[in-house]
Amino acid sequence: MNIKSICCIGAGYVGGPTMSVIAQKNPHIKVTVVDVNADRIAAWNSEDLSQLPIFEPGLDKVVAEARGRNLFFSTEVDRAIDAAEMIFISVNTPTKTYGAGKGMAADLQYVELCARQIAKVSTSNKIVVEKSTLPVKTAEAIKDILDNTGNGIHFEILSNPEFLAEGTAIQDLETPDRVLIGGESTASGQKAIEVLKTIYAAWVPEDQIITTNLWSSELSKLTANAFLAQRVSSINALTELCEKTGANINEVANAIGTDSRIGPKFLKASVGFGGSCFQKDILNLVYICKSLGLNEAADYWEQVIIMNNHQRERFADQIVKALYGTVADKKITFFGWAFKKDTNDTRESAAIYIADKLIDEHANIQVYDPKVSALQMQSDLNYLNSRSESDNDSYLSSEKDPYKAAEGAHALAIITEWDEFQNYDWKKIYDSMSKPACVFDGRNLLNKSELEAIGFSYQGIGQ
């Protein structure tokens, strides 16, 4: 079976970039990305590629090449579903905020709605691909919905989780470590796997395309994120010990990272991890373990989240302590609001939680971030806490010029590791700040000795 038409439901951080690369590498396949959010689709169709709804290095070039040729963005969901031979489900699966599993389990309402919509409008056989990060056995539920609420159409279900890091998503898509495809062991299931393999084989070496059963594929995605987050929390758990003993966490990380059994990746001490996946997927894993009575395993993975939360709170506490025990009516400048560099994604960013804690102490926060809008910052803060929007607005502001953002500040906190921060005129920044001018480097991005030579009071993580 040669696929001629693909539909992806969901034009977000996964669906948009993934389908753009698939279209670029398979010019003979029509790829349509659909979403009910008309503003988002309009942004994807903007002639000004700087206005794409997602910032990822290299994404604009991929979209420019494929859009209008065989890549399309549309709000006509039903039409695209019916016309496609393969449908990717790439919708949001946030942590539940209500009912059973509140605060841990994945909210699958959007996935179920997709399955019901596919079943309702399909008039020909389809291969349905899970692209969203989903709990183990979700494919079974999707298949049950499709088989029992459809029009007698045959559906094959595949799991094809994404392994993208925001900021390097295009690079991760073009040169992936692996592509994982899970399917059923039936003849039709194996045939569906081969069809999807052919699409990826247009640019991915065959030995990097791994096939498993459905359940192993679903669990592998959760496990990968859990292991990566575990490394971040593990190195961060040592930062307090380093600060108490005089050890330097950068030196410790370098020493253990040279061990080939450990390796150097994800051993960068920081203010903590953020993003849409790590916390959500670990909480999902915790919930699955608890629901199966595996309480010790659940406690083990939950500690990764506890450590991450502690690191953010500790950072805020250090700022208050260093400023003589009070930040009331003092200006604290944040450099960075996105959860990591090279993305405008702010989901679960440490900046939100640190700002919230400092605002509780009546600090005035001004933020400079090269890619995050003021509206997004306010939205993040309003979503997190119960203060009125007017109260948040009075304590949080943004500035488009980093030097103006630092003027008159009592302290400057590095929250996101944007490369540009290393190239600033730090003497100019020092001269404009209230004294003593404090820098709290939540990413260990800057050179401590150079800043202290200028006159800054510098405090890094684990130093």
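Along the sequence shown, residues carry numbers from 1. These numbers come from the heavy atoms of this one structure, side chains and all, not from hydrogens, waters or symmetry mates.
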Just checking E296: does its CD atom have more than 12 heavy atoms from other residues, nucleotides or ligands closer to it than 6.0 angstrom?
no
Heavy atoms from other residues, nucleotides or ligands near OH of Y403 exceed 12 (cutoff 6.0 Å):
yes
If you draw a 6.0 Å radius around NZ in K96, do more than 12 non-hydrogen atoms from other residues or ligands fall strictly inside?
yes
Check the surroundings of atom OH in Y110: do more than 12 heavy atoms from other residues, nucleotides or ligands lie under 6.0 Å from it?
no
Assess, by modelled atom type and distance only, whether the side chains of Q279 and N308 contain a donor and an acceptor separated by less than 3.5 Å.
no
Would you call the rings of F278 and F273 parallel, tilted or perpendicular, taking 30° and 60° as the class edges?
perpendicular
What pair of heavy atoms forms the shortest contact from A66 to S20, and how long is it?
CB-O, 4.4 Å
Centroid-centroid distance, F421 to W426, less than 6.0 Å:
no
From N344, T343, T18, N92, residue fulfilling side chain to side chain donor-acceptor pair (under 3.5 Å) relative to Y13
N344
For N2, does the CG atom have more than 12 heavy-atom neighbours from other residues, nucleotides or ligands under 6.0 Å away?
no
Taking all non-hydrogen atoms of both residues, which atom of T416 and which atom of R443 are closest, and how far apart?
C-CG, 4.1 Å
R69, CZ atom: more than 12 neighbouring heavy atoms under 6.0 Å:
yes
Using a 6.0 Å distance limit plus a 45 degree cone around the ring axis, check whether R67 lies over the aromatic ring of F73.
no
Provide the closest heavy-atom pair for I118 versus S122 in the form atom of the first, atom of the second, distance.
O-OG, 2.6 Å
Could you check whether atom OH of Y98 has more than 12 heavy atoms from other residues, nucleotides or ligands sitting under 6.0 Å from it?
yes
Within 45° of the ring axis of F88 and under 6.0 Å from its six-membered ring centre, is that where the NZ or CZ of K131 lies?
no
